[in-house]
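All values below were derived from every heavy atom in this structure, side-chain atoms included, with hydrogens, water molecules and symmetry-related copies excluded. All chains are named by letter (A, B, ...) in the order of the sequence lines, taking the proteins before the strands, and each is independently numbered beginning at 1.
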There are 2 protein chains.
Amino acid sequence: MADQVGGPAQVVLTASVARRYYLDGRSKVEIAEEFGLSRFKVARLIDAARDSGLVRIEIRHQGVIDVELSAHVQDRFGLQHAIIVDTPDDHAESLRQHLGRAAAELLSEVITPRDVLGLAWARSVSAMAKTLPRLPGIPVIQLTGALSLPNDDDSSVDAVRDVARASGGRAYLFYAPFTVPDATTARALRQQPEVARAFDQLGLVTKAVVGVGLWECGQSTLYDAAEERDRRALRHLGVCADISGVFVSADGETVKTDLAERMIGITAEQLRAIPEVIAIPYGTAKAPAVRAALRSGLVSGLVTHTALAHALLDNG
Amino acid sequence: MADQVGGPAQVVLTASVARRYYLDGRSKVEIAEEFGLSRFKVARLIDAARDSGLVRIEIRHQGVIDVELSAHVQDRFGLQHAIIVDTPDDHAESLRQHLGRAAAELLSEVITPRDVLGLAWARSVSAMAKTLPRLPGIPVIQLTGALSLPNDDDSSVDAVRDVARASGGRAYLFYAPFTVPDATTARALRQQPEVARAFDQLGLVTKAVVGVGLWECGQSTLYDAAEERDRRALRHLGVCADISGVFVSADGETVKTDLAERMIGITAEQLRAIPEVIAIPYGTAKAPAVRAALRSGLVSGLVTHTALAHALLDNG
DNA sequence: CAGGTCATCGCTCAAATGAGCAGGAGGTGT
DNA sequence: ACACCTCCTGCTCATTTGAGCGATGACCTG
């Protein structure tokens, strides 16, 4: 890698040849004729130019996406897509907006007119829905009920409606809570025409966007909304992450729970049947949950920020 | 050139492919197999990566040589060699040393065991001789007499002796002034055994190093040493530059002068017969003289500094 | 919904390129 | 001086790559 090109005349010649080749896009044969050299000599000069560092090639992106890190994460976890946004993560709201925008761009890029889109309830999914510019006219299916949050004007329904409006396709939405006190109520709700109609479409969903929660206080809206009994029960069952209501252990196994019977939402089997599931997690604290989600194989796409990506790689 | 790569997934894919291709040196076919693409797709991604600026290729040299400028000058004036040294030009002595070092490197690079080297009298040639590391055992011929300079311990003879010592070859040197008062004395001096022996070799010289002076006060040691009559006479003859005693007009024509008969040195014809003549001019004021010298075709190699190179190109 | 327009894709064929090899020049040690 | 050694050069042949083409599909418009 040290400058081993030779004397100054050699350096100048090498630089000229390298310029013609890399910057002007000439072929080595052309260059050989121009300089009166053999094409082999030209090839060796160019090799020397690269080895010596006289030619420097760098790949970088001036946008907010860290392409190297994205590729690394994608490769490391065998994902179909990984978008790592280089953004400060001190403010949750702005972070969510940035990730939402990136996810919206990703979605509008990968969606085709033949797709059927599923949306789970999550604040990051809502953020995405708001910045989504325009989609082909595809059906949009609501995957889960909604949890009402204090200081929050979004709901799962809004996201589905927003996206369906952007696409011009049909919206399968319903108004129902994510969790109810008992299994009977849940069954009854699932019989509701709107809910049933949406859930009938679940098998057709080809792409979905979900959130990921860590089964700890403040790291999952589902956890925060649950009763203490359920929190403990699931923790004892080894639940580490919830993927929009589907529970997963630290080693990536799905976990069957009683709570599931009291929920209005997609099941683990149905989620696994979706070819592409994009998650939009944020916050380094969630790293164990994201790791579990990635291990489970339920998630095939990831949109997140650099800090969480590094956390994933450091101990992944 | 604007980012026209597509969405974020595309950007990440393109970056990965570009990395594999440019940084890891994989073939496009390999990359295509690895990513499950056609090799055409890979090629188009790589093209897009270059066009969009995602891949940036730059050619630069961390040494003192400005390779781009050197190549430009070499091309512009059709030179065999051009070495432009990027060095501050406020101090003549340090400038001379830098150019001398560069010229020494150039010379030791281009000289072969079959060459016969000619050295003219010039301070820059002396500077070169001092830093010359080692050469093949070749003959070294003194091309001109010497001018004694105040505050200067060098002479043409020293340079020839230094270089001959570095090469281990034979030195054809003599002790004579560059100019004498009358033609008769000059003829007599040329009959001197040492001088005659050196001049007999002139036809064999294959490479020479010379200085270039501008025919103005302070820009040519020959001018400064000349009498006022000669200064004016040559100016009226249109002399612009002196190339180690060979006079050239601004449009590059050699100029016959009376002064030439009173000089001990190489003639225009003899100089032209030398396949490679390297000049080491410095100081932006000399730009017109250097231009004249390059136009004359007598000089085929140039070692100088960035400021003079820019001056040459600006109005060349 | 039909037809036009545009971009994208993968193909063919010829040119460009790389890996490895043999010959030769220059340098070196005995 | 001689043999040896190493570096450099240009070659052959197989692989890689690029230019241009037709087909496909998405989007636009009437």
Side-chain angles (χ1 to χ4, degrees), chain A residues 2 4-7 9-11 13-14 17-18 20-52 55 57 107-117 133-139 166-169 206-207, chain B residues 2-7 9-11 13-14 17-18 20-52 55 57 107-116 133-138 166-169 206:
Chain A
Q4 199 51 49
V5 193
Q10 184 85 345
V11 168
L13 175 64
T14 304
V17 166
R20 273 261 184 273
Y21 186 72
Y22 283 113
L23 269 25
D24 301 345
R26 303 281 176 199
S27 80
K28 297 180 184 180
V29 174
E30 282 179 304
I31 297 168
E33 287 168 359
E34 179 180 345
F35 286 83
L37 305 167
S38 75
R39 68 182 184 84
F40 306 98
K41 179 72 178 171
V42 171
R44 284 172 183 133
L45 284 176
I46 291 172
D47 287 347
R50 276 201 328 194
D51 292 347
S52 70
V55 168
I57 302 177
L107 193 63
S108 59
E109 183 184 1
V110 301
I111 219 86
T112 71
R114 266 188 264 290
D115 274 318
V116 176
L117 179 61
R134 201 168 152 66
L135 286 181
I138 55 167
S167 83
T206 56
K207 291 193 167 64
Chain B
D3 256 329
Q4 199 49 51
V5 193
Q10 185 86 345
V11 169
L13 175 63
T14 304
V17 167
R20 274 260 182 273
Y21 185 73
Y22 282 114
L23 269 25
D24 300 346
R26 303 281 177 199
S27 83
K28 296 180 184 181
V29 175
E30 283 180 303
I31 297 168
E33 287 168 358
E34 178 180 346
F35 285 85
L37 305 169
S38 76
R39 67 183 186 84
F40 308 97
K41 178 75 178 169
V42 171
R44 284 171 182 134
L45 283 176
I46 291 172
D47 287 347
R50 277 202 327 194
D51 292 347
S52 69
V55 168
I57 302 177
L107 193 63
S108 60
E109 183 183 3
V110 299
I111 219 84
T112 71
R114 266 188 265 292
D115 275 316
V116 176
R134 201 169 150 66
L135 286 181
I138 56 167
S167 82
T206 56

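Of the candidates C:dA16, D:dG18, C:dG18, the closest approach to any side-chain atom of A:Ser27 belongs to C:dA16. The side chain of B:Val29 has D:dT17 as its nearest neighbour among C:dG18, D:dA26, D:dT17.
A:Arg26 comes within 4.0 angstrom of no nucleic acid atom, judged by non-hydrogen atoms across all strands.
Heavy-atom distances to DNA chain C give each of A:Asp47 and B:Arg39 a nearest nucleotide, and the one nearer the 5′ end belongs to B:Arg39. Looking at which nucleotide of DNA chain C each of B:Pro136 and A:Ala43 is closest to, the 5′-most match is held by A:Ala43. Each of A:Pro113 and B:Glu30 was matched to the nucleotide of DNA chain D holding its nearest heavy atom; the match closer to the 5' end belongs to B:Glu30.
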Set out, line by line, the N/O atom pairs under 3.5 Å between protein and nucleotides 7-11 of chain C.
residue: C:dC9; atom: OP1; partner: B:Lys41; partner atom: NZ; Å: 2.8
residue: C:dC9; atom: OP2; partner: B:Lys41; partner atom: NZ; Å: 3.3
residue: C:dG10; atom: OP2; partner: B:Ser38; partner atom: OG; Å: 2.8
residue: C:dG10; atom: N7; partner: B:Arg44; partner atom: NH1; Å: 3.1
residue: C:dG10; atom: O6; partner: B:Arg44; partner atom: NH2; Å: 2.8

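Taken from CZ in B:Arg50 to CG in A:Leu23, the straight-line distance is 9.0 Å, to the nearest 0.5 Å.
A straight line from CD of B:Glu33 to P of D:dT15 spans 13 Å, rounded to a whole angstrom. Whole-Å rounding puts the B:Glu34 CD to D:dT16 P distance at 15 Å. Atom P of nucleotide D:dC27 and atom CZ of A:Arg114 are separated by 10 Å, given to the nearest angstrom.
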Test side-chain contact (heavy atoms from CB on, under 4.5 Å) on A:Phe35 and A:Arg20 and set out the steps.
CA-CA 11 Å; A:Phe35 286 83; A:Arg20 273 261 184 273; 4.3 Å; yes
Between A:Val17 and A:Lys28, does a side-chain contact (heavy atoms from CB on, under 4.5 Å) hold up when you go through it step by step?
CA-CA 9 Å; A:Val17 166; A:Lys28 297 180 184 180; over 6 Å; no
Evaluate A:Ile31 against A:Tyr21 for side-chain contact (heavy atoms from CB on, under 4.5 Å), listing each step before the verdict.
CA-CA 7 Å; A:Ile31 297 168; A:Tyr21 186 72; 3.7 Å; yes
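Each end of the helix from C:dC1-D:dG30 to C:dT30-D:dA1 gets its own axis, taken as the rotation carrying the C1' atoms of four end pairs onto the next four within a five-pair window, and the two axes meet at 30° to the nearest 10 degrees.
For the pair A:Ser108 (side chain) and A:Leu135 (backbone), a donor-acceptor distance under 3.5 Å is absent. Between the side chain of A:Ser167 and the backbone N or O of A:Ile138 there is at least one donor-acceptor pair closer than 3.5 Å.
When the side-chain nitrogen and oxygen atoms of A:Lys28 are compared with OP1 and OP2 of C:dA15, none of them lie within a distance under 4.0 Å.
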